[in-house]
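Worksheet: one structure, shown below.
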Amino acid sequence: MTIENTIVEHVKNAVQSLYQTEVAADSIVIQETRKEFEGQVTVVIFPFTRLSKTSPEQTGTRIGEYLMQHVAEVTGFNVIKGFLNLSVSDQHWVDQLLGNVLNESYGQFPSNGQKVMVEYSSPNTNKPLHLGHVRNNLLGYSVSEILSANGYDVIKVNLVNDRGIHICKSMLAWQLFGNGETPESSGLKGDHLVGKYYVIFDKEYKKQIEELVSSGQTEEEAKKNAPVIKQAQEMLLKWEAGDQEVLKLWQMMNGWVYAGFDITYKRLGVDFAKYYYESDTYLLGKDTIQEGLDMGVFFRKDDGSVWIDLTEDGLDQKLVLRADGTSVYITQDLGTAQLKYDDYKMDKSIYVVGNEQDYHFKVLFLILQKLGKSWAEGLYHLSYGMVDLPSGKMKSREGTVVDADELMDDMIRTAKERTEELGKVDGFSESEKANLYDMIGLGALKFFLLKVEPKKRLLFDPNESIDFQGHTGPFIQYTHARIRSVLAKAGYSTKLTSNYQEGLTVLERELIVTLAKYPDVIDAAAREYSPAMIANYIYELSKLYNKFYHEESILKAEDPDVRNFRLDLSLASSSVISKGMKLLGIRVPERM
RNA sequence: GCAUCUGUAGCUUAAUUGGAUAGAGCACCUGACUACGGAUCAGGAGGUUAGGGGUUCGACUCCCUUCAGAUGCACCA
């Protein structure tokens, strides 16, 4: 039981005995005491003044006195306005550190017996991954890690959009202009090669539109009549009809793309337990449509198309099956949702998808609920904001994207330059150096993208390279390396001190209080699906440790008990930093 | 037009979900034990939380409204 829970319990009793009123535990607000006041735990008193019919100060004082008498850990209190600040005994904090924080499993909750699926990445196979995908991948991976730390059994899946007109465009352009170019012959990564032809297609398409317009067609007509777009559409029809030649080309080019993606995923450090391919799932969902018709949830119009009326829920009428009986986007998503559930029977399912699809997912989940799917309750759309550039939106057709591979290269190169400037890698082997630059460069990138709340839109200026100082990944990595260095110097293993006497310094106490709330942060981050909460917590902890480090001697402490205690505190800090960063997919070095 | 999201210091952002004097970082200025690792630490300056109204003991947070931006409103995916 945490100290907060203990205090809530006793505040409840205090109100009961002082004012003869029952209050619900969750209506009692407890918070961390602000730094400028004495104490560590604060109870907000305002809600009780209604019952006590006395001033907040008087009420706070009476409850404070009650707590002093009934809770052993509470050693003092003060009341400021309506806030009751409680001092908790040093012994309690020391026990927290030695008994909890330093445990191997600290921050890892036991299994809760629940399965959760996280679908993320979901790339198209006609172009390489760009910065927007990077945000998606990092979010999906990190949320998976966080859920796992909270005791969930996590299944990471990737739903690959491997079919459709966009792939036919790349395929066609390659046929027309490729001269048999391959990744081997060009030296290009497969996904980049295919992406190159996607851009070529678009150029050709635009050229043809222009020609048609100048020969008298309207822009709209020209867009429909341009020969390349017609050819691409024919190709899609052939693909759907199972044309061997088209399928062969499709398989070859997708193969190139997958080989490229594998490399990028590996560098990013993300992985998947299961891949779903739209070429397998795009015809799914028709059973579900029939189910809905039988239940009367859907209705059929005269032309044969099938719809659902969501106007009572504040939404529109939505088409779920075309008049000719073919699927639309939501049809296959209904089918895929069912397929995924049948495969895994998970309790929750998280879709990591950009916020331009908010409406789609609202509709999707609502339909599944109306179809009476018990598991629809567990569906969640983790919606995140777009990544914008100063020049505006990224458009892969126009080549105005920040490429994921290039971005990683840049970050790692910057990390290398920065580290060499500081001249701290003497004695590192070449492979150790490469590993370190990788760690720092990607750490900077990942932290930069994850420290912002997912739903906020992200502005990325490629000209201003990402900082390595301040509120950054490298700052935290540096703190970790610094602690490890002190521990190494002390020849310190994992031994614990036991007989630390009371009398913590302010910073020692603050550090323990901060370390002690780590599990709460893990829990909150999972409830909110927010890696940003972890990122900001780890930053706060690192900052605090650096302050402590600066003001209190560790190795030079005269009293050996104090020295050992501070080493314990340092070990605990480095361990929590390392664990928290791992949840963000960021590694931390022993030296840097 | 309708709907959803966003708006916090010059820039990037936080605020324990309605609590105390809105915290940080970057950039700018000033400093730091003769560096247990200076990718650090301390201090200064910088805010009408987009504007206005309301609810509340108490509002960045909830409600209404205006403004700005983004996205969605396809028998595309």
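Model, not experiment: these values are computed from the prediction. First the proteins, then the strands, lettered A, B, ... as listed; each starts at 1. Hydrogens, waters and symmetry mates play no part in the numbers below; they use all other heavy atoms, side chains included.
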Any chance NZ of A:Lys433 has more than 12 other-residue heavy atoms, nucleotides or ligands included, within less than 6.0 Å? yes

Answer yes or no: are there more than 12 heavy-atom neighbours, outside A:Glu36 itself, under 6.0 Å from its atom CD?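 Check passes, neighbour count above 12.
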
For the residue pair A:His130 and A:His133, does the interplanar ring angle fall in the parallel (under 30°), tilted (30 to 60°) or perpendicular (over 60°) class?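 Taking A:His133 first and then A:His130, their aromatic rings sit tilted (interplane angle of 30° to 60°).
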
Closest to side chain of [X], choosing from [options]:
{"X": "A:Gln357", "options": "B:A77, B:U71, B:G37", "value": "B:A77"}
{"X": "A:Lys547", "options": "B:A39, B:A42, B:A77", "value": "B:A42"}
{"X": "A:Asn546", "options": "B:C75, B:U40, B:U21", "value": "B:U40"}
{"X": "A:Leu459", "options": "B:C36, B:A39, B:U12", "value": "B:U12"}
{"X": "A:Gln31", "options": "B:C36, B:U16, B:C75", "value": "B:U16"}
{"X": "A:Phe475", "options": "B:C41, B:G19, B:G23", "value": "B:C41"}
{"X": "A:Glu356", "options": "B:U71, B:U40, B:A39", "value": "B:U71"}

How far does the C1' atom of B:G54 sit from the matching atom of B:A45, given to the nearest Å?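 Looking at atom C1' only, B:G54 and B:A45 are 36 Å apart.
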
Using the C1' atom in both, what is the distance from B:U8 to B:G23, to the nearest Å?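 B:U8 and B:G23 have their C1' atoms separated by 11 Å.
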
Taking only residues two or more places apart in sequence, or in another chain, which ones meet [X] in a ring pair (Phe, Tyr, Trp, His ring centres under 6.0 Å)?
{"X": "A:Tyr539", "result": "A:His471, A:Phe475"}
{"X": "A:Phe361", "result": "A:Tyr351, A:Phe365, A:His381"}
{"X": "A:Tyr276", "result": "none"}

Output the residues of [range] in contact with RNA chain B, where contact means a heavy atom of the residue under 4.0 Å from an atom of the strand; sort by number or write none.
{"range": "residues 523-530 of chain A", "value": "A:Glu528"}
{"range": "residues 328-336 of chain A", "value": "A:Val328, A:Tyr329, A:Gln332"}
{"range": "residues 39-49 of chain A", "value": "A:Thr42, A:Val44, A:Phe46, A:Pro47"}

Base paired to [N] (Watson-Crick or G-U; both N/O distances under 3.5 angstrom):
{"N": "B:A20", "result": "none"}
{"N": "B:C2", "result": "B:G72"}
{"N": "B:U55", "result": "none"}
{"N": "B:A45", "result": "none"}
{"N": "B:U40", "result": "B:A32"}
{"N": "B:G10", "result": "B:C26"}

Looking for any heavy atom pair under 4.0 Å, which part of the strands does [X] touch: base, sugar-phosphate only, or nothing?
{"X": "A:Ile30", "value": "nothing"}
{"X": "A:Phe448", "value": "nothing"}
{"X": "A:Gln233", "value": "nothing"}
{"X": "A:Ala557", "value": "nothing"}
{"X": "A:Asn126", "value": "nothing"}
{"X": "A:Thr419", "value": "base"}
{"X": "A:Asp316", "value": "sugar-phosphate"}
{"X": "A:Leu458", "value": "sugar-phosphate"}
{"X": "A:Glu590", "value": "base"}
{"X": "A:Glu36", "value": "nothing"}
{"X": "A:Met533", "value": "nothing"}

My understanding is that only residues two or more places apart in sequence, or in another chain, count here; which of them pass side chain to side chain donor-acceptor pair (under 3.5 Å) with A:Asp426?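 In terms of side chain to side chain donor-acceptor pair (under 3.5 Å), with neighbours along the sequence ignored, A:Asp426 is linked to no residue.
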
A:Trp250/A:Tyr277 under ring-ring contact (aromatic ring centres under 6.0 Å, His included): CA gap, chis, key distance, verdict: CA-CA 13 Å; A:Trp250 174 74; A:Tyr277 297 94; 8.8 Å; no

Has A:Phe83 got its ring stacked on the base of B:G19, with centres under 5.5 Å and planes less than 30° apart?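 Ring-base stacking flag not set for A:Phe83 and B:G19.
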
Verify the stacking flag for A:Tyr549 against B:C36: centroid separation must be under 5.5 angstrom and the ring planes must differ by under 30 degrees.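 According to the criterion (under 5.5 Å, under 30°), yes, A:Tyr549 stacks.
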
Charged N to carboxylate O below 4.0 Å: is that the case for [X] and [Y]?
{"X": "A:Arg587", "Y": "A:Asp438", "result": "yes"}
{"X": "A:Glu432", "Y": "A:Arg591", "result": "no"}
{"X": "A:Glu420", "Y": "A:Lys416", "result": "yes"}

If you restrict it to nitrogen or oxygen atoms, what contacts under 3.5 Å exist between nucleotides 25-32 of chain B and the protein, and what is each distance?
{"residue": "B:G25", "atom": "OP1", "partner": "A:Lys543", "partner atom": "NZ", "Å": "3.0"}
{"residue": "B:G25", "atom": "O2'", "partner": "A:His471", "partner atom": "N", "Å": "3.0"}

When you check the phosphate oxygens OP1 and OP2 of [N], does a side-chain N or O of [X] lie under 4.0 Å from one of them?
{"X": "A:Lys81", "N": "B:U21", "result": "yes"}
{"X": "A:Arg34", "N": "B:A20", "result": "yes"}
{"X": "A:Lys489", "N": "B:G37", "result": "yes"}

Take A:Glu540 and A:Lys543 through the test salt bridge (Lys or Arg N to Asp or Glu O under 4.0 Å) and record every step on the way to the result. CA-CA 5 Å; A:Glu540 181 195 344; A:Lys543 219 171 136 48; over 6 Å; no

Write down the distance between [atom1] ([X]) and [atom2] ([N]), rounded to a whole number of angstrom.
{"X": "A:Phe428", "N": "B:G37", "atom1": "CZ", "atom2": "C1'", "answer": "12 Å"}
{"X": "A:Glu540", "N": "B:U16", "atom1": "CD", "atom2": "P", "answer": "12 Å"}
{"X": "A:Ile167", "N": "B:C76", "atom1": "CD1", "atom2": "P", "answer": "17 Å"}

Would you give me the side-chain donor-acceptor pairs under 3.5 Å for residues 551-559 of chain A, sequence neighbours excluded?
{"residue": "A:Glu552", "atom": "OE1", "partner": "A:Arg566", "partner atom": "NH2", "Å": "3.0"}
{"residue": "A:Glu552", "atom": "OE2", "partner": "A:Thr505", "partner atom": "OG1", "Å": "3.1"}
{"residue": "A:Asp559", "atom": "OD1", "partner": "A:Asp561", "partner atom": "N", "Å": "2.8"}

Could you name each residue pair satisfying salt bridge (Lys or Arg N to Asp or Glu O under 4.0 Å) that touches residues 444-460 of chain A, not counting sequence neighbours? A:Asp388-A:Arg457

Pairs touching residues 37-61 of chain A that satisfy salt bridge (Lys or Arg N to Asp or Glu O under 4.0 Å), sequence neighbours left out: none

Report, one pair per line, the protein and nucleotides 2-6 of chain B atoms (nitrogen or oxygen only) whose separation is under 3.5 Å.
{"residue": "B:U6", "atom": "OP1", "partner": "A:Lys455", "partner atom": "NZ", "Å": "2.6"}

